[in-house]
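Down below is the structure, laid out as structure tokens.
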Amino acid sequence: MPELPEAETIVRDLRRRVPGHCVTGLKVTHADVLGPGLNPRRLARELKGLCFRDVGRRGKNVVLHFDRDRVLAVNLGMTGRLVVSESPRAAELRHVAVRLDLDDGHALLYDDTRRFGRLELHTTATWAERSAELGLEPLAPEFTAAALHKLAGASRTRIRNWLLDQRRVAGVGNIYANEALFRAGVHPARPANCMSAREAAKLRDALVAVLTEAIAARGTTLSDYRDAAGEAGGFEPRLQIYGREGEPCPVCGQTIQRVVLTNRSAFFCPRCQR
DNA sequence: AACGCGCCCTGTCCGC
DNA sequence: TGCGGACAGGGCGCGT
């Protein structure tokens, strides 16, 4: 669920909150959110006493940087949340999996109803290797129309599916893939390699625009997403196509359709998207 | 080797 | 009111 704008919102929240604070203790209540090779005992041993240096993002991952070269990478899956305990909303959390106690008496909580999320403990070096498996950052200067056109030109898979592959472009999920394709006028089932250079340029601009607007609105909450204060995002009312099957297209009035592509819904306007 | 598919898990909603 | 099925923002491992 949480895609790039939601991860970025959490990162910006946490960056104002945790750097300079230290981990005094740690409690794991659902060990299945820990990545391969990680267990509650080891996580506690490695993180206890360490202090937060910075908070970053790579694709959909929230990346917590500690001193002593330690990195905790958090992939939120579908229902993962990172919420600070002093927020009144923290009382609403029903599925806390990991609690990081901070030296100010509060805590950083990882909550995840479906437990599809994963926490990975890295060094700077191993995180760099992991990060290298991810594709272009859509909001970085390297994400140009030419780069997108070239990358997509190498794949025959449907463009909606292609956009969800984190190894090509990192951070785009089903909501923003659908929104960007609508804005660009590209049908979600089109093969990635049949986009013209002009269409690739429109898709690039649409992705950058929708991700930027969604960050400004603090993300999309369909049901589960919350920021680090436990508050919902404000972008859902501004979704133009996602989840709007049967409603009129906001551009031409034609009825919005839904198709299932590899087990996931795609929404499109049959007149605007070819 | 690039794809599609099934699965991981809980919650909600809808039709009967 | 209860029950079964569909569906949900993600990503991994497997088979072809």
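Worth knowing before you read on, the calculation uses all heavy atoms, side chains too, and leaves out hydrogens, waters and symmetry mates. Lettering of chains follows the sequences in order, A, B, ..., and the numbering in each one begins at 1. Worth saying up front: this structure is predicted, and the values here are computed from it rather than measured.
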Is there a salt bridge (charged side-chain N to carboxylate O under 4.0 Å, His left out) between A:Lys202 and A:Asp205 once you walk through the steps?
-> CA-CA 5 Å; A:Lys202 287 180 74 175; A:Asp205 290 347; over 6 Å; no
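- Counting any heavy atom pair closer than 4.0 Å across all strands shown, A:Ser223 reaches a base atom.
- Here the P atom of nucleotide C:dG10 and the CD atom of A:Glu120 are 17 Å apart, to the nearest Å.
- At a threshold of 4.0 angstrom between heavy atoms, the contacts of A:Arg81 with the nucleic acid are absent.
- Considering only side-chain N and O atoms, A:Arg118 lies nowhere under 4.0 angstrom from the phosphate OP1 or OP2 of C:dC12.
- A close approach under 4.0 Å does occur between a side-chain nitrogen or oxygen of A:Arg168 and OP1 or OP2 of B:dC3.
- Rounded to whole angstrom, the span from the CG atom of A:Leu222 across to the C1' atom of C:dC7 amounts to 12 Å.
- Of the charged side-chain nitrogens involved, none lies within less than 4.0 Å of a carboxylate oxygen, so that A:Arg218 and A:Glu6 do not count as a salt-bridged pair.
- In this structure, A:Glu179 does not pair ionically with A:Arg244, as no charged nitrogen and carboxylate oxygen lie closer than 4.0 Å.
- Taking the side chain of A:Thr113 as heavy atoms from C-beta on, and the options C:dC12, C:dC7, B:dT10, the nearest nucleotide is B:dT10.
- Look at OH on A:Tyr242: it is 9 Å from C1' on C:dC7, rounded to the nearest Å.
- Checking the phosphate oxygens (OP1, OP2) of B:dG11, a side-chain nitrogen or oxygen of A:His95 falls inside 4.0 Å.
- Of the residues near DNA chain B, A:Asn263 and A:Trp162, the one whose nearest nucleotide (by heavy atom distance) lies more toward the 5' end is A:Trp162.
- Among residue pairs with one or both ends in residues 41-112 of chain A, those qualifying as disulfide (SG to SG under 2.5 Å) are A:Cys22-A:Cys51; sequence neighbours excluded.
- Following rounding to the nearest Å, A:Met78 (CE) and B:dT12 (C1') show an atom-to-atom distance of 13 Å.
- Between the CD atom of A:Glu245 and the OG1 atom of A:Thr255 there is a distance of 10.0 Å, given to the nearest 0.5 Å.
- Between the CG atom of A:Leu76 and the P atom of C:dC12 there is a distance of 14 Å, rounded to whole Å.
- Closest to the side chain of A:Arg115, from the set B:dC9, C:dA8, B:dG4, is B:dC9.
- Going from atom CG of A:Asp32 over to atom P of B:dC7 covers 19 Å, rounded to whole Å.
- Atom P of C:dC3 sits at a distance of 23 Å from the matching atom of B:dC9, rounded to the whole Å.
- Separating the CG atom of A:Asp165 from the C1' atom of B:dA2 is a distance of 10 Å, rounded to the nearest angstrom.
- Contact annotation: A:Ser265 side-chain N/O to C:dA8 OP1/OP2 distance is under 4.0 Å.
- A:Asn75 has its CG atom 7 Å from the P atom of C:dC12, to the nearest Å.
- Here B:dC5 is the nucleotide among C:dG10, B:dT10, B:dC5 with the atom lying nearest to any side-chain atom of A:Thr262.
- Across all strands shown, B:dC13 forms a Watson-Crick or G-U wobble pair with C:dG5, both key distances being under 3.5 Å.
- By the 5.5 Å and 30° criteria, A:Phe116 is stacked with the base of C:dG10.
- For A:Arg114 against C:dA8, a side-chain N or O and a base N or O form a donor-acceptor pair under 3.5 Å.
- Going from the P atom of B:dA1 to that of C:dG11 covers 24 Å, rounded to whole Å.
- Between A:Asp112 and A:Arg118 there is no salt bridge, since no side-chain nitrogen of the basic residue lies less than 4.0 Å from a carboxylate oxygen of the acidic one.
- Comparing C:dG10, C:dC7, C:dG11 against the side chain of A:Arg258 picks out C:dC7 as the nearest.
- Between A:Ser155 and B:dC3 there is a side-chain N or O to OP1 or OP2 distance below 4.0 Å.
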